[in-house]
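Quick notes on the structure that follows.
Below, chains carry the letters A, B, ... as their sequence lines are ordered, and counting in each starts from 1.
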Amino acid sequence: MASELNSVDLRVSIASLNLKNPVMTASGTFGYAREFEPYVNLHRLGAVVVKGISLEPRFGNPPPRIVETSCGMLNAIGLENVGVERFISEKMPALQQANVPVFVNILGDTLDEYREIASRLAGIEGVAGIEVNISCPNVKKGGVAFGTVPEMAAAVTAVVKENSTVPVMVKLSPNVTDITVIAKAVEDAGADAVSLINTLIGMAINHRSRKPALANVIGGLSGPAIKPVALRMVYQVARAVSIPVVGIGGIETAEDVLEFMLAGATAVQIGTANFVNPRASEEAVEGLARHVATESLGSIRELIGGLILP
Amino acid sequence: MASELNSVDLRVSIASLNLKNPVMTASGTFGYAREFEPYVNLHRLGAVVVKGISLEPRFGNPPPRIVETSCGMLNAIGLENVGVERFISEKMPALQQANVPVFVNILGDTLDEYREIASRLAGIEGVAGIEVNISCPNVKKGGVAFGTVPEMAAAVTAVVKENSTVPVMVKLSPNVTDITVIAKAVEDAGADAVSLINTLIGMAINHRSRKPALANVIGGLSGPAIKPVALRMVYQVARAVSIPVVGIGGIETAEDVLEFMLAGATAVQIGTANFVNPRASEEAVEGLARHVATESLGSIRELIGGLILP
Amino acid sequence: MSQFQKKTQITRIERFSSDIVRLTLLAPDIASIAKPGQFVMVRTGNGKEPLLRRPFSISQTSNGKHFQILFKVVGRGTSLLSHCREGEFLSILGPLGHGFTVDCQRLNCLVGGGMGIAPLLFLGKTLSRVCPENTPLVVLGARNREELEPLVQDFHELGLNVHPATDDGSLGHHGLVTDVLKKLDLGDDCEMFVCGPHPMMTAVHFFCRDRGFSCQVSMETSMACGMGACLGCIVPVKNGAYAHACSDGPVFDSKELLWQVS
Amino acid sequence: MSQFQKKTQITRIERFSSDIVRLTLLAPDIASIAKPGQFVMVRTGNGKEPLLRRPFSISQTSNGKHFQILFKVVGRGTSLLSHCREGEFLSILGPLGHGFTVDCQRLNCLVGGGMGIAPLLFLGKTLSRVCPENTPLVVLGARNREELEPLVQDFHELGLNVHPATDDGSLGHHGLVTDVLKKLDLGDDCEMFVCGPHPMMTAVHFFCRDRGFSCQVSMETSMACGMGACLGCIVPVKNGAYAHACSDGPVFDSKELLWQVS
Ligand SMILES: Cc1cc2nc3c(=O)[nH]c(=O)nc-3n(C[C@H](O)[C@H](O)[C@H](O)COP(=O)(O)OP(=O)(O)OC[C@H]3O[C@@H](n4cnc5c(N)ncnc54)[C@H](O)[C@@H]3O)c2cc1C
Ligand SMILES: Cc1cc2nc3c(=O)[nH]c(=O)nc-3n(C[C@H](O)[C@H](O)[C@H](O)COP(=O)(O)OP(=O)(O)OC[C@H]3O[C@@H](n4cnc5c(N)ncnc54)[C@H](O)[C@@H]3O)c2cc1C
Ligand SMILES: Cc1cc2nc3c(=O)[nH]c(=O)nc-3n(C[C@H](O)[C@H](O)[C@H](O)COP(=O)(O)O)c2cc1C
Ligand SMILES: Cc1cc2nc3c(=O)[nH]c(=O)nc-3n(C[C@H](O)[C@H](O)[C@H](O)COP(=O)(O)O)c2cc1C
Ligand code: FES
Ligand code: FES
């Protein structure tokens with residue numbers, strides 16, 4: 001059985017990048033991957049996406065930064081990260097060993113910052129792709145506008161694309177009236193793929209202390225609670241663009257992955273579920289292999305967009 | 001103790017309307033109120049909001065119309081209702097007996113329809129207020145645009161306001177980039193209050209049948225899953241407008257009500273929770289009374305917007 | 001109509017097979033007024049997941065004090081229920097909906113498939129009491145002997161003879177309940193009471209239509225509230241309209257509904 | 001560092017009071033390598049709510065096979081845990097974080113408040129073994145006798161004398177553990193090991209700073225992952241930066257952290 005499962009075809013491609021399977025890990029939920037080595041055989045994953053990297057190191061927001069909600073969690077990490085230089089010198093070497101394609105999630109407050117980070121990462125061994133975070137709700141400056149105004153989303157995409165040697169995937173915010181407009185804008189600007197969704201903006205209050213549960217007041221909602229919204233947006237975007245769509249939001253199991261692929265996703269990312277079950281990503285790969293074998297599919301690619309409408 | 005609790009001051013006002021307490025029931029989740037008489041003393045509620053009424057009767061969407069999701073549910077009822085004439089002749093008489101203020105939730109596909117429904121309801125005994133649904137995601141025609149374009153939201157508000165004799169509350173959609181823009185537009189157009197949020201647009205898929213779980217493909221997400229998004233939007237809108245804000249979304253208990261009031265809500269509506277616990281609304285009233293008594297507050301109004309920022 | 005929201009105590013748990021369980025609940029308010037075909041909405045846990053209550057037919061009442069639900073484990077809600085312990089309390093809404101209408105003058109025939117057998121036991125018991133002279137026919141189908149035998153047993157205890165059918169032939173007729181129906185002498189004034197999988201009910205509806213029999217069906221749909229408030233539980237009726245399974249049903253005259261020939 | 005994700009069996013459940021429970025888990029992989037001050041992340045149920053694991057200190061290991069967690073019911077997660085049954089399995093991640101550093105040459109003083117006492121028992125046991133000539137001082141505080149007595153008992157069984165303090169005076173000193181510390185002869189080369197409510201740890205930190213003592217504190221923060229991935233569990237350190245309680249701690253040299261004089 002195990003060998004049979006190894007022979008099933010789970011491959012998918014994102015532009016020029018061929019992945020073993022469609023299961024990636026979501027930025028900010030898988031550290032720099034090394035943290036998961038006790039639990040996961042990293043080389044069995046489709047790809048990993050590392051924590052968002054900015055030009056300069058950032059300390060992030062004060063505590064409390066996280067709070068649980070019904071079937072979800074809010075985070076306001078505030079993009080704590082070591083900055084692109086230390087990322088390259090301290091984090092990349094271990095990632096190069098891990099034998100798994102690495103997407104670097106990048107973010108900036110200005111177009112120039114995006115340009116600068118992209119150029120520093122260009123040509124670095126082991127960087128398989130760039131994921132452009134234009135959607136993080138926690139940065140007060142340009143972050144939100146980049147993700148909600150089509151022209152700005154397009155501008156960031158173009159700048160990163162110009163300065164990159166690897167496929168560029170743009171990560172979209174769900175906090176917009178019509179996500180397909182943004183998706184089309186970044187497609188037209190040269191994005192090789194889009195990934196969605198980032199977190200929904202939310203808030204929690206402690207009625208006893210009368211204070212917000214997060215020091216940042218608002219934060220990003222993730223986990224199973226948001227899956228229906230993510231699935232709907234992936235469905236809409238997959239019908240609106242012709243580049244690959246990477247589905248994110250509340251994915252925990254192989255069944256969830258199948259749902260996102262039926263809705264039109266070429267690949268997916270597992271986020272919050274990594275905290276609950278560190279083996280979630282590898283178990284999803286195993287579950288997909290079993291599904292393809294049991295259903296006697298030629299390849300998992302047959303499922304992409306395979307939703308049967310009433 | 002019981003008599004003590006009866007004497008605590010839970011009153012709030014929405015424009016000229018004085019409510020016993022801030023707990024209302026949400027449209028579409030409390031039928032025409034009569035369904036809850038076996039469980040709830042209707043006269044103890046602040047107000048009830050009845051199922052959305054259109055000009056003509058509607059059959060609604062084909063089945064399946066509902067599906068459960070993690071800590072939430074999706075519905076695509078498609079606004080099944082008896083139409084305004086039969087509502088007045090068949091449903092209002094029982095509601096007049098119930099001794100509770102009634103908000104009628106209205107919806108239309110055109111400005112004319114909104115105008116027409118509002119005029120028919122004008123002067124009907126027992127109608128304490130109108131809630132204008134500009135936000136239902138299930139109507140394919142004008143519904144969505146009314147709720148997402150500020151000018152259209154304003155136009156609907158003005159038309160209903162002109163033709164109404166009671167306070168007009170406009171119910172906002174959360175599926176927008178910036179809900180404060182819509183809130184300000186309807187405030188400027190004369191809305192007496194805003195209520196929010198309606199459901200988030202979502203989707204569910206059955207991976208075995210490869211079909212959408214709802215015949216309508218997409219539906220509205222409600223329940224505890226969406227509470228963090230609702231709370232954030234209520235907080236934002238309460239700071240942006242000066243008319244009363246009515247908070248809706250995932251509210252189940254008195255503690256939830258307190259959170260929404262701290263965030264700036266003058267009153268709240270309980271929706272999906274009525275299905276789980278038909279007594280949820282009355283129990284919330286009881287819980288609020290206990291809270292005001294225990295904390296020795298002069299009135300519950302002291303809590304409105306009382307969030308302590310870090 | 002009287003309805004209650006009650007914390008009811010589980011007084012007995014019977015496990016008929018790995019996935020079929022029967023719970024006996026102490027609930028005089030509900031048990032004393034329930035009618036065959038009515039159902040209850042059960043909260044399967046204390047948390048927010050699963051969020052909604054689950055509908056179950058009242059499968060039997062006794063002494064006006066207890067009632068039973070019989071269910072198969074198919075998902076998270078039923079799995080949680082199956083792990084309950086005696087003495088624990090469950091929150092129940094009920095009795096809900098309109099049940100079966102009985103007429104002692106006709107030949108009554110109960111047709112059940114799978115867990116659809118649950119409400120028919122209550123009906124059989126009631127018929128034995130109110131129409132003692134008129135023994136109903138009982139036709140029950142299920143996947144296999146393991147699933148069907150304990151349910152057949154219950155009818156035997158009422159003194160009712162059962163015509164069983166199983167998908168694998170391990171008990172009674174090897175095949176569908178409609179095969180069995182065709183072979184029975186049903187006279188020309190028969191009233192059918194049907195609860196089971198949709199294809200089975202469709203087949204029995206057409207069978208009855210062709211013979212001119214009356215047919216009462218108990219419909220299962222997804223339900224959020226069980227009390228007519230959410231409008232989620234619809235079944236298509238004539239001319240594009242819908243009925244609500246929880247408040248107009250769950251028992252309908254099959255002629256009122258729209259059936260698809262398969 | 002070795003870490004495991006394991007389904008571990010509950011072999012014993014002890015209820016010390018209405019809301020304090022101790023679970024013994026069979027987990028040789030974890031028990032055999034755990035060090036005092038380390039913790040585990042526990043999945044409190046099978047569903048999606050509560051979604052996240054909950055952190056608990058390892059409060060004792062035995063035979064390299066079992067370990068214990070001791071907790072107070074404060075919310076939904078701990079409530080679910082308190083309803084577990086012997087023989088059931090819990091999903092555990094661990095052992096996680098950096099524990100206490102011990103030096104047999106110094107006067108070791110263990111200071112615990114409330115459930116912060118849990119990891120100190122493991123530490124006390126280890127000290128008795130590795131520094132048998134050097135009996136540590138133990139100062140424990142809690143709300144009342146009911147809460148504190150069973151925990152004091154555990155230290156007695158290790159042969160350690162305890163200086164108790166309770167908020168209501170029902171056991172030992174009526175007041176704070178810092179009052180007790182001030183009265184003890186701590187010499188001039190004392191190492192303090194502290195776990196408890198934040199105000200208590202703040203007080204002990206300043207007490208140690210004034211006397212020139214070393215002070216190791218075990219920090220509790222909200223944690224989503226427990227393994228350095230989410231960056232949620234921060235504690236402020238000098239110059240505006242943050243340390244991560246799960247991976248840099250939970251045990252820190254109190255001098256490295258930022259404390260607010262209250
Ligand atoms: C009026 C009424 C009476 C009922 N009486 C009984 C009864 O006496 N005994 C009994 O075992 N069941 C009965 N049911 C069905 C029962 O409500 C469902 O099996 C139950 O809700 C499943 O809950 P779950 O959380 O375990 O499964 P879920 O996790 O909700 O679903 C698991 C799987 O079961 C399927 N499923 C869910 N609901 C139904 C349904 N209504 N019919 C068929 N498949 C379904 C889902 O599509 C899914 O594939 C009745 C339903 C209704 C409407
Ligand atoms: C490293 C570490 C070790 C721990 N060891 C233990 C232990 O050995 N024994 C033990 O009883 N507890 C311990 N805790 C605290 C324990 O994790 C929490 O009590 C638990 O997560 C509460 O879960 P809950 O779902 O029951 O409560 P929730 O529903 O999550 O919260 C209920 C209430 O408790 C408060 N609360 C939640 N977490 C904490 C916390 N960390 N500290 C204080 N208040 C909190 C919340 O603010 C809320 O008011 C430890 C925490 C950490 C970080
Ligand atoms: C703690 C945390 C940190 C995150 N950090 C980032 C980040 O740095 N960059 C980014 O693009 N998304 C970040 N995200 C968003 C996730 O990558 C993902 O889009 C989101 O959590 C939804 O997926 P999920 O529901 O599977 O978690 C973060 C999410 C969480 C929970
Ligand atoms: C089954 C169902 C039907 C609804 N019908 C309406 C409606 O007719 N008009 C309306 O404005 N909102 C309708 N809503 C939205 C609710 O009034 C409410 O805004 C939403 O459910 C969020 O609140 P909750 O999380 O408490 O349910 C409906 C919601 C549900 C679940
Ligand atoms: S289940 Fe809600 S109306 Fe029938
Ligand atoms: S708990 Fe996630 S980084 Fe510490």
Other residues, nucleotides, ligands: >12 heavy atoms within 6.0 Å of [X] [atom1]:
| X | atom1 | value |
| --- | --- | --- |
| A:R34 | CZ | no |
| D:N46 | CG | no |
| D:K72 | NZ | yes |

Contact leader toward chain A among D:P50, D:P236, D:G47, where contacts are heavy-atom pairs under 4.5 Å: D:P50
Selection from D:T221, D:V235, D:L52 maximising heavy-atom pairs under 4.5 Å formed with chain A: D:L52
Region of A:E252 in contact with chain D, defined by heavy-atom distances below 4.5 Å: side chain
Under 4.5 Å from any heavy atom of chain D - which part of A:R279: both
CD on D:Q5 to CG on A:N277, rounded to 0.5 Å: 4.5 Å
Rounded distance (nearest 0.5 Å) linking atom CG of A:N274 with atom CE of D:M227: 8.5 Å
For [X] and [Y], which heavy atoms make the closest approach, and how far apart are they?
| X | Y | answer |
| --- | --- | --- |
| D:G228 | A:E35 | O-OE2, 3.8 Å |
| D:A229 | A:T29 | CB-O, 4.2 Å |
| D:A224 | A:F275 | O-CB, 3.5 Å |
| A:F59 | D:N239 | CE1-O, 3.6 Å |
| A:Y39 | D:L96 | OH-CD2, 3.8 Å |
| A:V276 | D:R53 | O-NE, 2.6 Å |

Residues 62-73 of chain A: residues contacting chain D (heavy atom under 4.5 Å, by number): A:P62, A:P63, A:R65, A:I66, A:E68, A:C71, A:G72, A:M73
Portion of D:M41 that has a non-hydrogen atom of chain A nearer than 4.5 angstrom: neither
